[in-house]
Amino acid sequence: MSLEDDLLRQRLEGVKQIEALGFQPYGRRFEFTHTIPEVLTGFSAKTGEELEASRVQVRIAGRVQTIRRMGKAGFAHLGQSGERMQMYVKKDAVPENDFALFQLLDIGDIVGCDGYLFRTRTGELSVHVDKLHFLSKTLLSMPEKWHGLEDVETRYRQRYLDLIANPDVQKVFLTRARVIRSLRRQLEERGYVEVETPMMQSLYGGAAARPFVTHHNTLDVDLYLRIAPELYLKRLLVGGLERVYEINRNFRNEGISTRHNPEFTMLEFYQAYADYKVMMDLTADLLKTVAEDATGSAVVNWDGNEIDFGNIRRLTMREAVVEFWPEAEKPSREQVRDREWLLRHSAKSTPGEALTDIFERVAEAKLIQPTFIYDYPIEVSPLSMQKPDEPEMVERFEFYACGMELANAFTELNDPQEQRRRFEMQLAMRERGNEEAHQMDEDYIRAMCYGMPPAGGEGIGVDRLTMILTGQKSIRDVILFPLLRPEGEIGIAQRLRDAE
RNA sequence: GGGCCGGUAGCUCAGUGGUAGAGCAUCUGACUUUUAAUCAGAGGGUCGCGGGUUCGAGACCCGCCCGGCUCACCA
């Protein structure tokens, strides 16, 4: 018999013993007086004498993290929301069956207790238990108390176990929630309206990426999971919703890496009568405030670097190429706008694609401090408006930090004739085999034919922003259930059946 | 997809060709203020899977599976 099956039998035997003592192994509603964090914030400052004088009675609940039994008494720590509280269970202070129950507890069980607060001989704030409550039995053994759960694969596949064993993981996801809450609040304060647009689309667009395909049976049509909500949000601008935003998932059928998950969360927002410069100023405000809301400071540490969201540089793409050129002899300002020079320094076939390619190779990884890169070539920007004085460039910026692209924004193209020409250019690219070229979206053009207000629009990658604000180096550490290959046979049902 | 690294007890990890190990967890016993409790004892392993080399493989070779990092593409 394997150890694990042996353990399962022992635990199931424990369930019967718990029932025999008159407790329910899987309990019901439990009304506590304090959460463990509330007890700690409320009473950590009190001395033992003060606690003795006021005799504070509490009822708490949590998961058993440690047990130290010493004959006719013992200690256990209960964990809740990443904090822990010690309980002291003494044979003559609790009913007989409660002490028997204490003897049966396993690490990982969920229990509650009544008792009064006191300080132990070593000074730890603890609950002097007078009644135990059993709430839920664990049948499997918990990860080791000192190292926690470190196996990365298990942490992602069984995130619940990761959250139990590694309190810092809970903190990351609580910070993620604060990031999203802050973004929502800031946009709402500026009059933005949250909307939901289709995740399943018969035409996909708004970005350059390969899609996931699915099928609707009744309509008998193939549908794509969206790669971006952009084209729908701009239809809403046409309809008169002048400030809209959506925070939701995009799906891109591309590679997986520390910075890419096939489904990821994007904030997209559009503001009528604005342009990319307005969006840039707005983004600077949003990012500074979201950093403060999520972490308490506009300055955060990421991979050993102080990242200051209160101080964002602004460089054109060409300036960035010059500044980050790896050799001592840097190109001149004239060279980085010279068609021949650009094509000589890249394998791409147009000057604009070449400039973008050179920028990505030369500058992107070095953009550690928060930076806006603006003025992009038209070839890589099919939905952006041209610069009035320089038609081969568009009014577009991206935001970079920690060597990652975090946001992409532009003055939205609202001329239907020009949009039609851009789509036709993309179709030509598609026919030449570019799978990621934009599809023609006639309804989008039709919407624009009714008049789309001038507007600025932007997308911000919420997962990557959260990575920086929580100091995580892999996107999987800010996504609760990142995509992995399906696991093989687990076999728990069979084991439970065998142990019954 | 390429390159590099990893998979040994429930967990964290040792183990460079010769009897599969440690700590935590588990089980038994002792212990009424411990806190990585302590003390005494015990059980627990298809060494990711499949081939091969060898008198002998956890280790060496080949293939496969799963994961991590990285490059390429993307946000």
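Convention: sequence-line order gives letters A, B, ...; per-chain numbering from 1.
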Nearest-Å distance for atom pair CG/C1', residues A/Asn166 and B/C11: 11 Å
Nearest-Å distance for atom pair CH2/P, residues A/Trp146 and B/C24: 13 Å
Donor-acceptor under 3.5 Å (A/Asp106 side chain, A/Asp109 main chain): no
A/Arg159 charged N/C atom sitting above A/Phe481 aromatic ring, 6.0 Å / 45°: no
Flag, side chain of A/Arg226 to backbone of A/Gly206, donor-acceptor distance under 3.5 Å: no
Span that lies between the C1' atom of B/C4 and that of B/G44, in whole angstrom: 36 Å
Sugar-phosphate only, base, or nothing, as touched by A/Lys91 at under 4.0 Å among non-hydrogen atoms: nothing
Sugar-phosphate, base or nothing in reach of A/Ala407, heavy atoms under 4.0 Å: nothing
Upstream residue (5' side of RNA chain B) when A/Thr66 and A/Pro143 are each assigned their closest nucleotide: A/Pro143
Candidate nucleotides B/U26, B/U34, B/G10, ranked by approach to the side chain of A/Met70 - the nearest: B/U34
Rounded distance (Å) that lies between atom C1' of B/A25 and atom NE2 of A/His147: 13 Å
Closest listed nucleotide, where the reference is the side chain of A/Ile107 and the choices are B/U33, B/A25, B/U32: B/A25
Sugar-phosphate only, base, or nothing, as touched by A/Arg252 at under 4.0 Å among non-hydrogen atoms: base
Sugar-phosphate, base or nothing in reach of A/Arg361, heavy atoms under 4.0 Å: nothing
I'd like a list of close polar pairs between nucleotides 68-73 of chain B and the protein, N/O only, cut-off under 3.5 Å.
unit_1: B/G68; atom_1: OP1; unit_2: A/Arg476; atom_2: NE; d: 3.3
unit_1: B/C69; atom_1: OP2; unit_2: A/Arg476; atom_2: NH1; d: 2.8
unit_1: B/U70; atom_1: OP2; unit_2: A/Thr258; atom_2: OG1; d: 3.3

Between P of B/A30 and NZ of A/Lys72, the distance in whole Å: 9 Å
Closest nucleotide among B/C11, B/U32, B/A25 to the A/Asp92 side chain: B/U32
A/Asn97 side chain vs A/Leu21 backbone, donor-acceptor pair below 3.5 Å: yes
Any donor-acceptor N/O pair, A/Arg155 side chain to A/Leu163 backbone, under 3.5 Å: no
Aromatic plane relationship, A/His128 with A/Tyr116 - under 30° parallel, 30 to 60° tilted, over 60° perpendicular: parallel
Proximal nucleotide (of B/G67, B/U12, B/U26) relative to the A/Arg485 side chain: B/G67
C1' gap between B/G15 and B/G21, integer Å: 7 Å
Parallel, tilted or perpendicular, as decided by the 30° and 60° cut-offs, for the rings of A/Tyr88 and A/Phe118: tilted
Length of the CG-C1' vector between A/Leu8 and B/G44, whole Å: 15 Å
Sugar-phosphate only, base, or nothing, as touched by A/Gln86 at under 4.0 Å among non-hydrogen atoms: base
Nucleotide B/A25, atom P - distance to CD1 of A/Ile67 in whole Å: 10 Å
Span that lies between the P atom of B/G6 and that of B/U46, in whole angstrom: 23 Å
B/U19 versus B/U53 - spacing of their C1' atoms, nearest Å: 23 Å
Nearest-nucleotide 5' precedence on RNA chain B, A/Arg68 against A/Asp151: A/Asp151
Sidechain-backbone polar pair: A/Ser381 side chain, A/Ser384 backbone, donor-acceptor under 3.5 Å: no
Nucleotide nearest A/Glu144 (side chain, heavy atoms from C-beta), chosen from B/C66, B/U32, B/U12: B/U12
Which nucleotide in B/U32, B/U34, B/U12 has an atom nearest any side-chain atom of A/Arg121: B/U34
Sugar-phosphate, base or nothing in reach of A/Arg210, heavy atoms under 4.0 Å: nothing
Aromatic centroids of A/Phe102 and A/Phe134 separated by under 6.0 Å: no
Same-atom distance (C1') from B/A20 to B/A9, integer angstrom: 11 Å
Atom C1', compared across B/G68 and B/A36: separation rounded to whole Å: 29 Å
Aromatic contact, A/Phe399 with A/Phe372 (centres under 6.0 Å): yes
Under-4.0 Å side-chain N/O to phosphate OP1/OP2 contact, A/Lys145 with B/A25: yes
C1' gap between B/G48 and B/G67, integer Å: 11 Å
Beyond-backbone contact of A/Thr35 with A/Ser81, side-chain heavy atoms, under 4.5 angstrom: no
Which nucleotide in B/U34, B/A25, B/C31 has an atom nearest any side-chain atom of A/Phe75: B/U34
Nucleotide B/U33, atom P - distance to NE2 of A/His77 in whole Å: 16 Å
Student check: side-chain heavy atoms of A/Gln201 and A/Leu225 closer than 4.5 Å: no
Nearest-Å distance once atom P is located in both B/G7 and B/C49: 13 Å
Sugar-phosphate only, base, or nothing, as touched by A/Glu487 at under 4.0 Å among non-hydrogen atoms: nothing
CG-CZ distance between A/Asp98 and A/Phe23, expressed to the nearest 0.5 angstrom: 4.0 Å
Contiguous pairing runs of three or more, Watson-Crick or G-U under 3.5 Å, that involve RNA chain B: B:1-7 with B:65-71, B:10-13 with B:21-24, B:26-30 with B:38-42, B:48-52 with B:60-64
Side chain of A/Tyr88 (C-beta onward), nearest among B/U34, B/U33, B/G67: B/U33
Presence of donor-acceptor pair under 3.5 Å, side chain of A/Ser141 and base of B/U26: no
Integer-rounded Å distance: B/A37 C1' and A/Gln65 CD: 17 Å
Sugar-phosphate only, base, or nothing, as touched by A/Gly148 at under 4.0 Å among non-hydrogen atoms: sugar-phosphate
